[in-house]
Amino acid sequence: MAFGTNDKVLTKELAKQIDLILFAHDNDGSKLVGILLDIQEVIPNHYIPTEVAYYLADKLDVKITTIYDCITFYSSISDKPRAKYPIQVCNSIVCKINHNDNLFETLKELLNIDLNETTYDGRFTLESVACFGGCDVAPAVRVNGKVYGHLTTKEKIADMLNELI
Amino acid sequence: MSKAVCFMTKNFGKYDVKSIGSYMAIGGFNALKKAVNMTGEEIASTLATAKIKGRGGAGYDMGKKWSQAKSVIADNKVVVCNADEGEPCTFKDRTLIEHDPFNLIEGMIIAGYTVDAQNGYIYLREEYSHLRPLILDAIKQAKTYGFLGENILGKGFNYNIHLYSGAGAYVCGEGTALVESIEGKSGRPRMKPPFIKQCGLYNLPTCVNNVESLSLVSSILLDDEKKYLTYGTEGSVGTKLVSVGGNVKNPGVFEIPFGVTVRDIVYGLAGGIVDDNEIKLIQFGGASGKIATKSILDTPYTYEDLRKDGVGVGSGAILVVDERTSVIDFLRTTQEFFSHESCGQCTPCREGNRHIKLLLKKVAESTHTTADLASMRKIAKIMAMSSLCGLGETAQSALVSAMKNFEEAFQIK
Ligand SMILES: Cc1cc2nc3c(=O)[nH]c(=O)nc-3n(C[C@H](O)[C@H](O)[C@H](O)COP(=O)(O)O)c2cc1C
Ligand code: SF4
Ligand code: FES
């Protein structure tokens, strides 16, 4: 799989896409957090590659350290490649007491991966995250911005996965 | 009979949230039209009369906040809407935005008019990114209709609203961390003073309010019959959104008049406990809130009564945990949350959380000593007293209240 960060990711097309995102943010370096999130969304593996970080530092005239300060501080921004469908399982209290352990275990079994691993085909990563406000439908997961709740049985969990692909 | 009411939720389901026209057809923007014929001081004092306390958790007097913000002398000021809603078991701001986005926009415009701001910023947590298009569209429509932009309603008032996204950091709900984040930096809280009301976002005087606080404004301004004042108790006027979750049959957001009992909420509105289990504990106000035993069920839900019983309203979250979860397991999950969310900038919070985590593990394994319990108390106290921001100050609220109300869970074996 082309997962190594050494591969050239910043193609001409991606640079163009990034420029459009920067334009939409008025090329304003103070809008860095939103810019990083938007760029991460258009990159297939949902992360900020090193090349892109440097590209931004140059384009926005912000220090590279500022960019990495943000990337490392915020849990929604990643500097490591993820899958096409990062499955974010809530590990906070409401989901916990609604048996998210069963949810974690079932996902591991169905996907045949452990926490923070990616399936061999690069489609799914299993992540553990803090409460995302889906507590009324706990236990819940969030995948590319969409919340799937009431995942209490193997059938429901499998249905969720099937809906994704 | 349901004890829920519809004051600030009266628009829910009554209009098409994608259409400003349909919002206006049910009286949308009438509050703004009324507001621009009042002075900022008058608006602030209307809120003060309704005794509204901020709904983000700290419960600061809203009328006072607005009148202070108005009185700061500066050419340029900003209003911030805190939509970072990060407390576990809190999802009422999400519900407000989903069901009544234009009302929030209207509240923010009135806030800007009241305090003489030129710009308003909505800081929306990344976890609610699905609400971005709805909000952006509402802002755009409001601009088209002349409720945003230059010379609003012909009153010479210029004001715009901008939407900013968080990126998954609970601490960014803290005012100074929030403005750092909007400025394109990591969200580490600032030293205070200066307070953001004097020097906040881009070093401008900044008035921060929670989504629910701002969503209340229009209804209050249009409440000529003073209906709001008839709800609640003397110490806690009006209504509040609570988000009830955990092991209840019917989790959700309810608007309650202050003064209904916790039992009315848990057993009435939220349908009671799954499988009719017994309640082990109830936590109020999110992870930073305190916990109580089920003996609190007959306490009226008001600021003053909850305080008397050692807990608080906080964010309005009510987390009900049944007997299947142990107090220590509960605390460890909460602890995990704070260890993860601490920004690590100041020692009491960073190290305190680390130590408490280890000590709780010992308690879970029943290998703790009397000295360990004393350490826990001491560290919790130091954190509350000397942390730089509210996160470290409140991270051990649940623990401290548990050591008081659930002594048996800490027994040395
Ligand atoms: C760690 C921390 C997190 C917070 N998170 C939020 C939040 O998500 N939403 C919110 O409105 N207030 C939050 N607050 C409280 C805000 O700092 C602030 O008091 C509030 O937004 C003011 O608005 P209000 O007066 O309308 O309540 C948080 C405070 C701390 C210390
Ligand atoms: S109290 Fe915690 S979250 Fe707040 S500044 Fe200190 S380390 Fe950061
Ligand atoms: S606790 Fe899991 S979504 Fe809130």
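Just so it is clear, the model here is predicted, and its values are computed rather than measured.
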remark   = In terms of heavy-atom pairs under 4.5 Å with chain A, the winner among B:His130, B:Gln283, B:Arg188 is B:Arg188

message = Please classify the contact of B:Val320 with chain A as side chain, backbone, both or neither, using a heavy-atom distance under 4.5 Å.
response = backbone

task = Decide yes or no for B:Tyr121 and B:Val78: does some side-chain heavy atom of the first lie under 4.5 Å from some side-chain heavy atom of the second?
result = yes

inquiry  = Please classify the contact between A:Ile93 and chain B as side chain, backbone, both or neither, with a heavy-atom cut-off of under 4.5 Å.
reply    = both

remark   = Scored by heavy-atom pairs under 4.5 Å with chain A, the best of B:Gly187, B:Cys172, B:Ser181 is B:Gly187

task = Give, as side chain, backbone, both or neither, the part of B:Ser165 having an atom under 4.5 angstrom from any heavy atom of chain A.
result = both

task = Check whether A:His25 gets within reach of chain B through its side chain, its backbone, both or neither, counting any heavy atom under 4.5 Å.
result = neither

task = Report yes if some heavy atom in the side chain of A:Val52 is under 4.5 Å from a heavy atom in the side chain of A:Pro49; otherwise report no.
result = yes

request  = Tell me, out of A:Thr66, A:Asn98, A:Val62, who's got the most heavy-atom pairs with chain B below 4.5 Å.
outcome  = A:Asn98

query = Would you say the side-chain atoms of B:Glu255 pair up with the backbone N or O of B:Leu241, donor to acceptor, closer than 3.5 Å?
reply = no

ask   = Looking at A:Gln88, A:Lys31, A:Arg142, A:Lys96, which has the largest count of heavy-atom pairs under 4.5 Å with chain B?
value = A:Arg142

request  = Assign the ring pair B:Phe12 / B:His99 to parallel, tilted or perpendicular, where the plane angle (0 to 90°) is split at 30° and 60°.
outcome  = parallel

request  = Test salt bridge (Lys or Arg N to Asp or Glu O under 4.0 Å) on A:Glu109 and A:Lys154 and set out the steps.
outcome  = CA-CA 10 Å; A:Glu109 184 196 320; A:Lys154 195 168 176 177; 2.8 Å; yes

task = Verify the distance criterion only: is there a donor paired with an acceptor across the side chains of B:Asn353 and B:Ser339 at less than 3.5 Å?
result = no

remark   = Under 4.5 Å to a heavy atom of chain A? For B:Leu163 that would be neither

query = Between the side chains of B:Tyr202 and B:Glu183, is a donor N or O closer than 3.5 angstrom to an acceptor N or O?
reply = no

ask   = Checking B:Glu336 against chain A: side chain, backbone, both or neither under 4.5 Å from a heavy atom?
value = neither

